[in-house]
Number of protein chains: 2
Amino acid sequence: MEIALSALHGRWTTLVIREFLQGDRTFTELRHALPALSDKVLSDRLAHLTEAGVLDRHRHRHRQPGWPPRVRYTLTAHGRRLGPVLQALWDWGAQHRPPPPAGTR
Amino acid sequence: MEIALSALHGRWTTLVIREFLQGDRTFTELRHALPALSDKVLSDRLAHLTEAGVLDRHRHRHRQPGWPPRVRYTLTAHGRRLGPVLQALWDWGAQHRPPPPAGTR
DNA sequence: CTGTATCCTGAACGATACTG
DNA sequence: CAGTATCGTTCAGGATACAG
């Protein structure tokens, strides 16, 4: 159970995964989809999730020996199983409309 | 969905909730169940979870006007709904035995 | 007993520059 | 294009002391 938490650590991680639930992505696609993340953090998340077995990294060697490098990330089977789990978490959060405007507090 | 994440923020929060899934608890009971948490962090978590509508705080005025103060925390209905969600998360984590001992890395 | 106040440390985050 | 290196900032977390 600590495993799940360590795999998902970081406050952006779930949003990254959320992107992948709609299909595979490249680094720049993610960069545009999540402008709030700096390159470093995005890079960290991708590396971490790859290590955790949630993502797979595929290098598509295009034509030149190394130019331009095309790297595509996809969810692993294990990562895809995370979909319903995160969905449940989001649903739970959406269920709750905390009404602490004035009277209670 | 950010709501769920903010409600659960902090790496000890889910373990605290886990305690509550087995029944209500007092401050000292939690302190013994989770020795890794300092008073401050435990206090922070309880306050945060109470604000988030996951826990309820009940003061049992014992006999003296204020001594000893007995405070008991219980899950709210909303908090109880978190049970299956966290269970799913833990199951997911338990499913994965990451085998990165030598060869792969 | 049930916390809060204070201070400190370390990790995560964020921005920018730079490399393969 | 896809990152890494470096640096500074911010914030959660840990320890201790103290208060209601």
Side-chain angles (χ1 to χ4, degrees), chain A residues 2 4-17 19-20 23-52 54-74 105, chain B residues 2-20 23-52 54-74 105:
Chain A
E2 317 276 297
L5 294 177
S6 76
L8 299 180
H9 100 286
R11 66 172 176 267
W12 298 113
T13 308
T14 57
L15 293 184
V16 173
I17 295 172
E19 285 300 313
F20 281 108
D24 51 355
R25 293 284 188 270
T26 64
F27 193 89
T28 33
E29 283 168 358
L30 289 169
R31 179 144 55 185
H32 282 94
L34 303 164
L37 277 79
S38 67
D39 288 3
K40 178 185 175 295
V41 174
L42 180 53
S43 179
D44 284 353
R45 292 310 117 220
L46 291 173
H48 189 115
L49 288 171
T50 302
E51 285 250 335
V54 174
L55 294 179
D56 269 334
R57 221 182 91 132
H58 304 283
R59 301 194 71 116
H60 297 252
R61 200 145 287 264
H62 218 232
R63 45 194 71 196
Q64 259 63 16
W67 227 251
R70 275 275 166 186
V71 178
R72 187 150 279 268
Y73 292 87
T74 62
R105 202 168 173 176
Chain B
E2 316 277 298
I3 298 171
L5 293 177
S6 76
L8 298 180
H9 100 286
R11 66 169 175 271
W12 298 113
T13 308
T14 56
L15 293 184
V16 173
I17 294 172
R18 201 171 140 76
E19 285 299 313
F20 281 107
D24 52 353
R25 293 283 188 273
T26 65
F27 194 88
T28 33
E29 284 168 358
L30 290 168
R31 179 144 56 184
H32 283 93
L34 304 165
L37 278 79
S38 67
D39 288 1
K40 176 186 176 295
V41 175
L42 180 51
S43 179
D44 284 354
R45 292 309 121 220
L46 291 174
H48 189 118
L49 289 171
T50 303
E51 286 250 335
V54 175
L55 294 179
D56 269 333
R57 223 183 89 131
H58 303 283
R59 301 194 71 117
H60 297 251
R61 200 145 288 263
H62 218 233
R63 46 194 70 196
Q64 260 63 16
W67 227 252
R70 275 275 167 188
V71 179
R72 187 152 281 267
Y73 292 87
T74 62
R105 200 166 174 177

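To find a chain, count down the sequence lines: A is the first, B the second, and so on, and within it residues start at 1.
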*Does anything in residues 7-16 of chain B reach DNA chain C, meaning a heavy atom under 4.0 Å, and if so which residues?*
none
_Please report the interatomic distance CZ(R70(A)) to OG1(T26(A)), rounded to the nearest 0.5 Å._
6.0 Å
*Within less than 4.0 Å of OP1 or OP2 of dT4(D), is there a side-chain N or O belonging to S43(A)?*
yes
_D24(B) CG to T74(B) OG1 distance, which is reported to the nearest 0.5 Å_ = 6.5 Å
_By the 4.0 Å heavy-atom rule, please label R45(B) as base, sugar-phosphate, or nothing._
sugar-phosphate
*Can we say R72(B) and E29(B) salt-bridge, meaning some charged N sits less than 4.0 Å from an Asp/Glu carboxylate O?*
yes
*Which residue, R72(A) or D39(B), contacts DNA chain D at a nucleotide closer to its 5' end, judged by nearest heavy atom?*
R72(A)
_Using a 4.0 Å heavy-atom cut-off, does R57(A) contact any base of the nucleic acid, only the sugar-phosphate backbone, or nothing at all?_
sugar-phosphate
*Could you give the CG-to-P distance, from L46(A) to dA2(D), as a whole number of Å?*
11 Å
_D39(A) backbone acceptor or donor facing S43(A) side chain under 3.5 Å_ = no
*Which nucleotide, dG14(D), dG3(D), dG3(C), lies nearest any side-chain atom of V41(B)?*
dG14(D)
_Nearest non-hydrogen partners of Y73(A) and F20(A), listed with the distance_ = O-CE2, 3.2 Å
_Side chain of P69(B) - closest among dT4(D), dG20(D), dT4(C)_ = dG20(D)
*Name the closest nucleotide to the T26(A) side chain, picking from dT4(D), dG14(D), dA2(D).*
dA2(D)
*Parallel, tilted or perpendicular for H9(A) and H48(A), by the 30°/60° rule?*
tilted
*Using a cut-off of less than 4.0 Å, is there contact between a side-chain N or O of Y73(A) and OP1 or OP2 of dG3(D)?*
yes
*Which heavy-atom pair separates L42(B) from F27(B) by the least distance, and what is that distance?*
CD2-O, 3.9 Å
*Between R31(B) and K40(B), name the one whose nearest nucleotide on DNA chain C is closer to the 5' end.*
R31(B)
*For T28(B), answer base if it contacts any base atom (sugar-phosphate contacts may also be present), sugar-phosphate if it contacts only those atoms, and nothing otherwise; contact means non-hydrogen atoms under 4.0 Å.*
sugar-phosphate
*Between P35(B) and A47(A), which is nearer to the 5' end of DNA chain D once each is assigned its nearest nucleotide?*
A47(A)
